[in-house]
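Residue numbers start at 1 and run along the sequence shown.
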Amino acid sequence: MVICDYQTEADSKRGVLPVFAAADLDDPAAPNVPCLLGLHLLLREGRLHMVAYMRANDADRGLLADVFSFTFIQEFAARLLGAKLGSYTHHVGSLHVAEGDLPRVERVLAQAASGGQPRYALPAMPGSTGWRDITRLLDIEEGLRANAARYSARAVAALDLDPYWQQVVLLLEAHRQIVHTAHPVDSEILGALHPAYRWLMEHRWPARMPTEATR
């Protein structure tokens, strides 16, 4: 990461987070090199703008996750700088859809054209967010990913984290149950989720959602 001091150089052009490295090309048999080349952060008139540069992007799967993830980084950086959110620009050299994904893409486009998909307003990241929150969340994620920890909805609500970050823990716990167990996701975990996140779980893993018989 290129470090720049926005306090002494507020209009710096050097706030770059490069992702691609020459070592990524060391193995000719490697199936992929990073799709993301870098993120460029620009603080202008109190707003933090960000530009993403990608060599390639899957428009059906990768684009949605990438834009969410990268703007999450942008919002976190803005909180650290005490700045407002600015624009986000996404550059892609090769934007594509896999042939096998075309039927799903057509269904999604048809749903969008009919207005059949709900719209949700997600909460803003707390202004007090700092590295302590991220470190704490990473520790929790590591335990859940390894199936070495588990949380009830009540346990998540008791965590020393802002409700915004507790929602992330609920998502991670739901994902742990999907990956590491065979039973439906706990209905109390789903019930505690923000409606947007619950909608995501219900449409991404419909077979793992609780039924009336398992509630």
Side-chain angles (χ1 to χ4, degrees), residues 17 19-20 24-25 28-40 49-76 85-125 141 144-145 164 167-215:
L17 286 77
V19 175
F20 182 83
D24 293 324
L25 300 176
N32 282 308
V33 294
C35 293
L36 174 63
L37 303 179
L39 301 173
H40 191 190
H49 307 276
M50 191 165 80
V51 183
Y53 298 95
M54 305 196 68
R55 65 169 183 84
N57 220 181
D58 181 303
D60 175 38
R61 301 172 185 269
L63 178 64
L64 304 179
D66 289 340
V67 170
F68 179 88
S69 301
F70 301 161
T71 54
F72 193 89
I73 293 172
Q74 178 187 7
E75 190 171 6
F76 177 61
L85 276 176
S87 62
Y88 173 78
T89 306
H90 196 82
H91 289 288
V92 184
S94 172
L95 188 65
H96 54 271
V97 173
E99 187 173 357
D101 292 334
L102 286 175
R104 183 177 60 251
V105 170
E106 291 171 354
R107 290 196 302 272
V108 170
L109 292 175
Q111 277 187 322
S114 66
Q117 293 196 358
R119 293 180 178 271
Y120 297 101
L122 291 175
M125 187 180 293
E141 187 278 335
L144 291 172
R145 176 162 37 89
Y164 176 93
Q167 286 288 311
V168 178
V169 178
L170 289 168
L171 278 171
L172 293 172
E173 169 59 27
H175 188 260
R176 180 198 68 80
Q177 294 180 24
I178 288 171
V179 172
H180 294 289
T181 74
H183 57 70
V185 174
D186 180 72
S187 58
E188 290 189 359
I189 291 289
L190 288 175
L193 280 171
H194 184 283
Y197 300 147
R198 187 164 58 249
W199 183 90
L200 171 67
M201 300 296 297
E202 290 170 349
H203 286 75
R204 177 64 178 83
W205 291 283
R208 301 300 303 275
M209 295 300 104
T211 63
E212 290 300 324
T214 59
R215 291 182 189 276

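A pairwise comparison of heavy atoms in Y164 and A124 identifies CD1-O, 3.5 Å as the closest pair. In this structure, Q167 and Y197 approach most closely via the heavy-atom pair OE1-CD1, 3.4 Å. The two residues A56 and V92 have their closest heavy-atom pair at C-CG1, 3.8 Å. For the residue pair R55 and V33, the shortest heavy atom distance occurs at NH2-O, 2.7 Å. Shown here for A192 and L170, the closest heavy-atom pair between the two residues is O-CD1, 3.6 Å. D58 and A98 get closest at one heavy-atom pair: OD2-N, 4.5 Å.
You'll find the side chain of H91 stays beyond 4.5 Å of the side chain of L37, heavy atoms only.
Atom CD of Q111 and atom CZ of R107 lie 8.5 Å apart (nearest 0.5 Å). Atoms CD1 and CG, on I189 and L171 in that order, are 10.0 Å from each other to the nearest 0.5 Å. Distance check: H90 NE2 to L95 CG gives 7.5 Å after rounding to the nearest 0.5 Å. Between E141 atom CD and R176 atom CZ the span is 13.0 Å, to the nearest 0.5 Å. Rounded to the nearest 0.5 Å, atoms CG (L36) and OH (Y53) are 11.5 Å apart. We find the CG-CD distance between L190 and Q177 to be 8.0 Å, quoted to the nearest 0.5 Å.
Between Y120 and H194, the angle of the ring planes goes over 60°, which puts this pair in the perpendicular group of the 30/60° scheme.
Within the 3.5 Å criterion, the main-chain N or O of H183 finds a donor-acceptor partner in the side chain of R208. Although no hydrogens or angles enter the test, the distance criterion places a donor-acceptor pair under 3.5 Å between the side chain of H180 and the main chain of R145. In this structure, the side chain of H49 engages the main chain of S87 through a donor-acceptor pair within 3.5 Å.
Listed by first and then second residue, the salt bridge (Lys or Arg N to Asp or Glu O under 4.0 Å) pairs involving residues 86-106 are D60-R104, R61-D101, D101-R104 (not counting sequence neighbours). Sorted by first then second residue, the side-chain hydrogen bond (donor to acceptor under 3.5 Å, both in side chains) pairs that include residues 62-74, not counting sequence neighbours, are N57-D66. Identified under the salt bridge (Lys or Arg N to Asp or Glu O under 4.0 Å) test for residues 178-198, with sequence neighbours left out: none.
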